[in-house]
Amino acid sequence: MEILSRNGKAVTSDGVPQRTGNNLDPWYANYAERAAGLAASEVRALFAVASRPEVVSLAGGMPFVSALPHDLISSAMERVMREQGAVALQYGSGQGIPKLREQILEVMSIEGIRGTVDNVVTATGSQQALDLVAKLFIDPGDVILAESPSYVGALGVFRSYQANVVHVAMDENGLIPEALRQTIAHLRGQGRRIKFLYTIPNFHNPAGVTLSAERRPEILEICRSNEILVLEDNPYGLLHFDEPAPNALRSLDEDRVIYLGSFSKTLAPGFRVGWALAPHAIREKLILAAESAILSPSSFSQLVVSEYLATADWRAQIDTFRGVYRERKNAMIEALGEYLPQLSWTNPNGGFYVWVTMPDVLDSKQMLPRAVKELVAYTPGTAFFADGRGRHAMRLSFCYPTPEAIRLGVRRLATVVNGELDLLDTFAGTGSLQLPQGNGYDSAPPSDLK
């Protein structure tokens, strides 16, 4: 039965708010409350536009899979089907194929991680592993700590489970320990419940910075003393350009860190194979959650990845990717210095992204339609904050376009930025805007590059 509450809104007889359908979605009233947190990200919304061949996309973080010899993959697929076809096409274990989990241990050992096969859980990409961890730990209203800015895909997951994301400041050396300490104390003083710290310590998405070796044990000690779990997301850790990143946080604390890894960046995202390395008790619940969600990850994809790791020189292939991305990153940094020297940006030592900071008078989200009109796309900084910040920043991705396309894209972006500044200058009537100097921190490439 429907009745009215004191504020005049419809509720059921037991006091539950009563929602109704609408012209766009007649089932609106039937959705769970958490469905309100599901919304298309700004990154997803860009793909339809950025995939047009005439647009230089500096938006999406798509690996340059053309650098991967396709004969290695096709031969791995053929061997899997010839020798293990019946297994590849069948259901598998919810935890994943044991041989692949052994190989994952070898991959993680490069970053100082030790573990056991029993504590590795494979997933349909590390994104699914992230979702499973959130599903296990988050109750509505819980607080998740995350860097400022943070990965848009993680923010979407946390939002879908009705968590409150609280950002913690970072600088050119990554997450700032004192800012973390103060944020925790402030939240605890308000009586709020913190479930975990989510962090991307290596070649951060979107900021491009790396957490320094000196800060890593301090961050872990702060979390240990406050009984806060750490969720370490590390898809880019092996893709360094010069010096390798410091050893993983998981290598320093096996009891309080859940580590997420992926083959999407070091092999190919199409396989959708990632993993979580978790403390034993959490591992058990992750397996149950995975079985509940998908029964088991793809046996075929796991076996192909395993065959590739067993027969190909995968370390040399990662070196090839490093060279490709280093060349593209250098092209972007050089182009920014030439065409937009008045802005500031990070200069990453690995990964896929440069974080660009503009004058406060500019709004990257409002500016995007004009950029697309100039045939260049980027991701507005607002996509990477849970609280609406980031309007004077943008993420530029250098992983997919060719160096020539990157240079063209930055040149087009400069036309947009300078046009906006000239317009503001004209209406302000105060002469040229004085902008900060320096380069500090704070789809397919086009077929015709003319």
Side-chain angles (χ1 to χ4, degrees), residues 43 57-64 67 110-111 146-154 169-176 199-216 232-249 261-262 264-266 318-341 343-358 364 378-381 383-384 390 393-403 405-407 409-410 413 438-442:
V43 176
S57 175
L58 307 177
M62 295 181 294
F64 189 67
I110 298 174
E111 296 183 284
E147 289 132 339
S148 175
S150 190
Y151 166 48
V152 60
M170 61 193 305
D171 60 17
E172 76 274 19
N173 292 311
L175 192 67
I176 301 172
T199 178
I200 307 173
N202 299 331
F203 320 129
H204 186 271
N205 177 8
V209 302
T210 296
L211 182 62
S212 67
E214 294 75 19
R215 288 184 179 180
R216 295 187 181 220
E232 177 181 17
D233 198 355
N234 189 35
Y236 310 98
L238 298 183
L239 295 176
H240 58 81
F241 301 148
D242 299 311
E243 293 297 318
N247 280 348
L249 295 171
S262 175
S264 291
K265 309 303 188 293
T266 55
I318 291 176
D319 281 336
T320 297
F321 280 130
R322 287 173 183 149
V324 168
Y325 298 138
R326 181 189 296 111
E327 180 185 23
R328 283 161 161 74
K329 188 270 295 196
N330 289 340
M332 179 167 284
I333 296 298
E334 291 169 5
L336 286 168
E338 179 176 353
Y339 296 117
L340 287 166
L343 305 187
S344 60
W345 54 84
T346 55
N347 189 352
N349 183 41
F352 286 2
Y353 307 109
V354 170
W355 184 251
V356 178
T357 304
M358 304 184 296
S364 62
Y378 58 83
T379 308
F384 307 99
M394 64 177 73
R395 187 192 74 177
L396 302 184
S397 173
F398 53 78
C399 52
Y400 198 89
T402 64
I406 289 170
R407 184 175 179 84
V410 174
L413 181 61
N439 61 341
Y441 56 88
D442 169 42

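Everything quoted here is computed from the prediction, not taken from an experiment.
Looking at Asn349 and Lys329, their side chains never bring a donor and an acceptor atom within 3.5 Å of each other. The closest side-chain donor-acceptor pair between Glu147 and Thr199 falls under 3.5 angstrom. Residues Asn173 and Glu214 bring no donor and acceptor atom of their side chains to less than 3.5 Å of each other.
Closest approach of Arg216 to Asn202, counting heavy atoms only: NH2-OD1, 2.5 Å. Smallest separation of non-hydrogen atoms from Tyr400 and Pro63: CD1-O, 3.5 Å. Pairing each heavy atom of Leu58 with each of Pro401, the nearest pair is CD2-CG, 4.1 Å. For the pair Ala245 and Gly237, the tightest heavy-atom approach, listed with the atom from each and the gap, is CB-O, 4.5 Å. Between Ser148 and Met170, the shortest heavy-atom contact is O-CG, 3.2 Å.
With Arg322 contributing its side chain and Gly350 its backbone, the two residues share no donor-acceptor pair below 3.5 Å. A donor-acceptor pair under 3.5 Å is absent between the side-chain atoms of Ser262 and the main chain of Pro235, judged by distance alone. The backbone N or O of Ala393 sits nowhere less than 3.5 Å from a side-chain atom of Thr357 that would complete a donor-acceptor pair. Not one N or O on the side chain of Arg395 forms a donor-acceptor pair closer than 3.5 Å with the backbone of Pro380.
In this structure, Tyr325 has its ring center no closer than 6.0 Å to that of Phe241.
Each of Phe203, Tyr236, Tyr151, Phe398 was scored for a ring-ring contact (aromatic ring centres under 6.0 Å, His included) with Phe352, with one residue passing: Tyr236.
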Would you check, one step at a time, whether the test side chain to side chain contact (heavy atoms under 4.5 Å, CB included) holds for Val354 with Ile333?
-> CA-CA 8 Å; Val354 170; Ile333 296 298; 4.1 Å; yes
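A heavy-atom distance below 4.5 Å is not found between the side chains of Val356 and Leu340.
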